[in-house]
Amino acid sequence: MKGINSKLIHGDLTKVNPDPHRCLKTPVYEAASFDFDSAEAVEAAFMGRSDAFMYTRVSNPTVRELETRLMLLSGSKSGMCTSSGMAAISTVILSVCGTGNNIITSQFLFGNTFSFFTRTIKQFGIESRMADFQDDADIISKIDTNTRAIFLEVITNPQLIVYDFDKIAKIAKERNILLIVDNSVLTPYIFNSGKTGADIEIFSTTKFISGGATSIGGAIMTFESEKWAFVPRLKDDFANLPREKFYKKLYKEVYKNLGVCLSPNSAWLQLLGLETLGLRIERICDSALQVAAWLEQQAEVSSVNYASLKSSEYHEFAGKYMQNRAGCLIGLELESKEACYKFMNALKMVRRGTNFCDNKSMIIHPASTIFSDFSTDEKVFMQVGEGLLRLSVGLEEVEDIIDDLAQALSQI
Ligand SMILES: *Cc1c(COP(=O)(O)O)cnc(C)c1O
């Protein structure tokens with residue numbers, strides 16, 4: 001079994017089917033607690049000497065199966081699922097940083113991530129330093145001995161900027177700083193974080209993985225790295241534990257104490273989505289490129305941003321890092337907020353909603369929704385303009401998507 005789709009459909013076939021009825025579909029083990037044969041076995045589980053399940057806040061068989069398959073997808077050394085993409089980000093940051101530490105990031109971030117970095121972790125004395133990720137010197141100038149990580153989004157949402165990852169990974173490597181990548185928009189199916197030099201990859205499984213927008217979830221994938229020796233909170237464990245144990249323990253304290261476990265039912269829904277991930281992504285990327293090319297021709301649309309377009313300033317990186325498959329998101333600009341609203345309200349099939357990488361095409365006006373908590377200055381800083389729309393292309397026939405966009409554009 002070499003192909004990624006085969007792996008996502010079957011999981012790890014070297015493992016014995018753990019279900020007593022040999023159920024072909026991983027069952028939903030919707031249970032809080034698990035039984036043991038002996039007191040010694042309970043102790044072994046609590047001490048981490050066995051992999052037995054004991055309590056779903058710590059681990060669960062349905063969630064474990066999703067973790068196994070996501071590790072096959074990302075090629076990571078270890079993987080764990082969380083209750084949401086935001087839970088994955090908070091678990092990672094609170095596991096590697098302490099008071100007085102800082103992380104380097106850009107101002108182009110998912111709205112809640114920006115808020116988490118600039119507001120929530122600030123209360124814990126962790127600083128977020130915003131650097132221009134298209135300028136190596138600026139990144140380097142922000143790094144000091146208290147820098148614990150560089151954090152970036154593979155395609156920024158909603159600006160849809162693509163960075164030259166090799167350059168940023170090189171800076172992180174030379175200085176032994178962890179590189180954390182948020183791969184929610186493309187997933188490891190398109191973008192290989194580990195090969196690109198990331199130490200930690202997080203993504204929201206709510207989007208492309210779940211597919212049908214069925215449930216919220218997140219994942220943390222960790223790649224083998226020597227940089228752990230340079231993280232003060234982790235260096236003793238890294239020096240003293242066998243590698244496998246170290247990776248198992250890495251986020252455990254924060255994960256258990258924050259209580260960010262994924263529900264078994266959500267894990268089951270996401271396993272279902274994962275089996276068709278490849279099919280959906282290929283089709284959506286084909287359609288999105290056609291839709292973006294069509295939008296470029298329309299007089300009402302002042303600009304279109306989609307990395308696979310020849311006209312895109314990120315076209316080279318889309319080729320280098322994504323085999324020219326730039327995902328489901330297209331950024332488009334109309335003249336004003338009023339024009340955006342008129343256009344959105346005239347749409348008949350494309351839905352107005354806040355998810356993306358859904359089976360359904362969907363559109364949102366980021367400035368008045370996801371970024372509504374931010375001041376006008378903050379929105380300017382994040383390049384979330386009043387005329388910007390974010391379109392997520394779905395699985396419908398591309399002709400239907402274009403027809404709907406065309407009739408709605410004609411009404412503004
Ligand atoms: C959606 C998203 C998140 C947050 O994921 P949730 O599952 O909604 O918590 C984080 N980063 C990016 C880039 C996202 O698109």
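Heads up: numbering here begins at 1 and tracks the sequence. First listed ligand is number 1; within each ligand, the first listed atom is number 1.
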*Is the closest side-chain heavy-atom distance between Phe110 and Ile89 below 4.5 Å?*
no

_Centroid separation under 6.0 Å, is that true for the rings of Phe374 and Phe114?_
yes

_Under 3.5 Å between any N/O of Met86 and any N/O of ligand 1: does that happen in this structure?_
yes

*Given Ser83, Gly85, Pro158, which has its nearest heavy atom closest to atom 6 (P) of ligand 1?*
Gly85

*Residue pair Glu201 / Ser76, side-chain donor-acceptor N/O under 3.5 Å*: no

*Output the list of atoms in ligand 1 that are nearer than 4.0 Å to some heavy atom of Asn157, sorted by atom number.*
15 (O)

_Nearest protein heavy atom with distance in Å, relative to atom 2 (C) of ligand 1_ = Lys207 NZ, 2.5 Å

*Short side-chain to backbone donor-acceptor contact, Arg57 and Lys256, under 3.5 Å*: yes

*Among all protein heavy atoms, pick the one closest to atom 11 (N) of ligand 1 and tell me residue, atom and distance.*
Asp182 OD2, 2.6 Å

*Is the shortest distance from a heavy atom of Phe356 to ligand 1 less than 4.0 Å?*
yes

_Donor-acceptor pair, distance only, cut-off 3.5 Å: does the side chain of Asp358 make one with the backbone of Gly394?_
no

*Heavy atom of Gly217, distance to ligand 1 below 4.0 Å*: yes

*For Ser204, take its heavy atoms, then give the atoms of ligand 1 lying under 4.0 Å from any of them.*
5 (O), 6 (P), 7 (O)

_Please check: side-chain N/O of Ser392 versus main-chain N/O of Leu329, any donor-acceptor pairing under 3.5 Å?_
no

*asked:* Please list the nearest protein heavy atom to atom 4 (C) of ligand 1 with its residue and the distance rounded to 0.1 Å.
replied: Phe110 CE2, 3.4 Å

*Qualifying residue, where the test is ring pair (Phe, Tyr, Trp, His ring centres under 6.0 Å) with Phe133 and the options are Phe108, Phe151, Tyr163*: Tyr163

